[in-house]
Number of protein chains: 2
Amino acid sequence: MTLLDVAQRAGVSVATASRVLNGGDRVPRPELQERVKAAADELGYTPNAQAQALAKSSTNLVGILVHDIEDPYFAAIANGVMRAADERNLLVMMASTFRDSDREIAYLSSLRAQRARAAVMIGSRRTDADSLSRTAAEVENFLNSGAGLALVSQSGMPAHTVEPDNRSGSADLARELVALGWRKFAVLGGPETLATARDRRAGFIEGLAEAGLQPVAVEAGDFTRDGGYAAAEQLLDRQADVDCLFAVNDVMAVGAMSALRTRGVDVPGKLGVAGFDDIATLRDVWPGLTTVRLPLEQMGRRALELAIEGGDVTTETFKAEVVLRESTAKA
Amino acid sequence: MTLLDVAQRAGVSVATASRVLNGGDRVPRPELQERVKAAADELGYTPNAQAQALAKSSTNLVGILVHDIEDPYFAAIANGVMRAADERNLLVMMASTFRDSDREIAYLSSLRAQRARAAVMIGSRRTDADSLSRTAAEVENFLNSGAGLALVSQSGMPAHTVEPDNRSGSADLARELVALGWRKFAVLGGPETLATARDRRAGFIEGLAEAGLQPVAVEAGDFTRDGGYAAAEQLLDRQADVDCLFAVNDVMAVGAMSALRTRGVDVPGKLGVAGFDDIATLRDVWPGLTTVRLPLEQMGRRALELAIEGGDVTTETFKAEVVLRESTAKA
DNA sequence: CTGAAAGCGCTAACAA
DNA sequence: TTGTTAGCGCTTTCAG
């Protein structure tokens with residue numbers, strides 16, 4: 001069923017039909033409107049979005065790229081993006097890159113092919129020179145095509161950026177932990193190459209330094225639950241003299257807590273544990289996890305807004321807020 | 001940059017250019033291929049997917065509908081769908097319906113307008129007659145448009161269906177809990193109107209019945225963390241004589257555990273707790289939550305396959321598996 | 001093997 | 001106000 005069918009059945013031209021059904025400009029006389037609308041739903045007409053897009057050379061599609069939609073951190077941000085998109089009547093095309101930058105690049109290029117209005121890329125960039133520059137090139141292309149783009153948590157690209165204040169958030173956390181009386185810290189620092197991990201690590205160390213402290217140990221490892229588990233085990237194996245443990249995200253922290261439990265280390269009695277992100281799904285773990293809260297959904301919303309609005313490239317930083325819970329309570 | 005630009009620069013016709021760049025059929029002579037490819041990337045040509053879709057009247061778009069992408073249950077299934085889509089080089093358009101059936105209907109119709117190849121709808125249907133029939137009508141439309149469709153966890157629609165075996169899964173759970181020695185059960189049953197919740201409730205009661213038992217209490221409530229928290233509180237307030245508590249999903253179970261903890265009720269010492277789903281993010285809660293594992297990602301994959309393949313309408317049921325953990329350990 | 005040309009369904013000048 | 005018509009960019013017969 002095409003517009004032409006509808007027009008004929010209603011005894012009007014396609015132009016008229018288009019005007020009453022889709023067009024926003026001058027509206028035909030009421031009588032014709034009725035006829036066209038009637039014809040349209042008798043025929044079960046649905047506009048062909050591709051044809052509209054081609055004719056108007058513009059779409060209401062926006063893209064969103066996440067590393068892994070099962071990771072609650074990304075899901076929370078994505079949720080914000082989708083809410084904002086929904087409010088603006090934009091259709092969302094989402095892809096999970098499974099942490100593969102080739103997929104990321106390919107998808108960005110698909111979005112360009114789809115003539116997407118804008119895209120939001122979520123997730124910390126690896127500091128790997130090669131894939132970094134290839135991604136940058138495609139980002140360039142994307143922007144040159146006239147579409148908007150915003151990145152969440154990955155600075156250094158020539159597009160709008162929304163970032164959490166990882167550095168000062170973890171510095172604040174360090175201060176509060178010190179104030180609570182903790183002294184001998186280990187950092188489960190995630191991958192060396194991940195900017196987010198690095199910033200949180202650095203901020204924490206900075207915070208400690210203000211109190212004249214420095215971490216007893218810094219473990220690398222994956223940015224995942226299993227990474228946290230493994231890093232905690234290593235720490236115990238090494239019998240490091242530690243009284244509090246900071247994992248650079250909640251998922252790692254929870255993994256670490258499991259490792260400690262398995263080894264019979266009491267939290268917070270024997271060892272305090274803190275994370276970062278304040279993932280909603282993890283707010284019920286026990287002991288309650290001390291962490292740094294990020295306005296994840298808001299960051300997502302804002303990213304979409306920036307991507308859509310275009311304008312001069314800006315970087316917006318979102319404040320993080322320390323949340324003290326039982327996992328770092330001092331007896 | 002259009003195909004025409006490329007063709008002119010390469011000194012060939014658009015037909016030729018199309019054949020080497022996109023078309024899959026007869027390929028022009030090597031020399032021309034080179035010229036066209038060269039021209040294409042000198043000009044930074046990207047095909048216009050809308051125009052292609054219009055010309056071929058077919059797309060590589062698939063849709064996916066979830067109630068709430070932040071809910072790890074949906075995220076896990078969505079992840080499976082996206083993986084399967086990625087393997088087939090399909091682009092995914094995802095929407096969160098925020099549990100609103102009007103949004104759901106609207107999105108389905110957008111997908112139709114986009115001439116999506118197929119769609120997957122994830123999430124338990126409410127048993128609300130009105131929105132049910134309106135959704136059914138749009139589902140009809142969608143299928144009539146020639147696109148494929150599969151539903152996850154919502155039977156009763158005239159399309160492929162993938163469902164977990166909620167009923168026998170929770171019956172199995174009931175049996176195992178009884179075998180462990182628990183006797184006085186309360187069910188935190190979720191909303192009356194939610195098919196998934198109802199089936200799990202019913203299966204559990206069935207399982208108990210085999211042992212000549214029946215639940216001491218059945219609490220309704222939301223299908224969420226807060227719903228579980230509130231339901232558990234009510235139960236305690238009523239001072240029901242209960243020794244084990246089954247929440248119809250993990251998220252509720254975790255909420256309930258928090259309520260119990262707040263009230264000083266020891267789990268599993270004083271009260272056992274079990275859930276359903278085996279959400280990955282919650283595998284580290286303590287005490288480890290006894291639950292029923294569902295192959296969520298696989299279900300998502302399969303749903304996409306069915307939606308794409310079309311064919312006769314089938315219903316596939318996925319077996320659930322009881323996972324016993326510490327939350328129901330008997331001293 | 002290659003090119004010309006007719007659409008795909010719709011929008012937006014431009015005319016009437 | 002309404003209709004005519006020329007594209008939008010690409011695919012695909014159909015000739016050459």
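Below, chains carry the letters A, B, ... as their sequence lines are ordered, and counting in each starts from 1. Just so it is clear, the structure is predicted and the values come from calculations on it, not from any experiment.
With values rounded to the nearest 0.5 angstrom, A/Ile308 atom CD1 is found 11.0 Å from A/Leu149 atom CG. Atom CD1 in B/Ile69 sits 13.5 Å away from atom CD1 in A/Ile77 (nearest 0.5 Å).
Within the nucleic acid shown, B/Ser57 has no heavy atom closer than 4.0 Å to any nucleic acid atom.
The phosphate of C/dA4 (OP1 or OP2) has no side-chain N or O of B/Ser13 nearer than 4.0 angstrom. Using a 4.0 Å cut-off, no side-chain N or O of A/Thr2 falls inside it from OP1 or OP2 of C/dG9.
In summary, the side chains of A/Ser145 and A/Arg112 do not present any donor paired with an acceptor at a separation below 3.5 Å, with no hydrogens or angles considered.
Ranked by how close their nearest DNA chain C nucleotide is to the 5' end, B/Arg29 and A/Pro47 are led by B/Arg29.
Taking atom CD of residue A/Gln114 and atom P of nucleotide D/dC10, one finds them 13 Å apart after rounding to whole Å. Look at CG on A/Leu4: it is 9 Å from P on C/dG9, rounded to the nearest Å. What separates CD of A/Gln50 from C1' of C/dG7 is a distance of 16 Å, to the nearest Å. Atom CG in B/Leu54 sits roughly 14 Å away from atom P in D/dC8 (whole-Å rounding). Across the protein-nucleic acid pair, B/Leu43 atom CG and D/dG9 atom C1' stand 15 Å apart, rounded to whole Å. Straight-line distance from the CZ atom of B/Arg115 to the C1' atom of C/dG9: 9 Å, rounded to whole Å. Regarding A/Leu21, its CG atom lies at a distance of 16 Å from the P atom of C/dG9, rounded to whole Å.
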Using distance only, find each side-chain donor-acceptor pair of residues 51-60 of chain B under 3.5 Å and give its atom names and separation, not counting sequence neighbours.
residue : atom : partner  : partner atom : Å
B/Thr59 : OG1  : B/Leu61  : N            : 3.4
B/Thr59 : OG1  : B/Arg115 : O            : 2.7
B/Asn60 : ND2  : B/Asn89  : O            : 3.4

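Using a 4.0 Å cut-off between charged side-chain N and carboxylate O, A/Glu31 and A/Arg35 make a salt bridge. Under 4.0 Å is where a charged nitrogen must lie from a carboxylate oxygen, and between A/Asp41 and A/Lys37 no such pair does.
Contact annotation: the side chain of A/Pro158 approaches that of A/Glu140 to within less than 4.5 Å [non-hydrogen atoms, C-beta and beyond].
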For nucleotides 11-16 of chain C, read 5' to 3', which letter fits each nucleotide if B means a protein heavy atom sits under 4.0 Å from the base, S means only the sugar-phosphate is that close, and - means neither? SB----
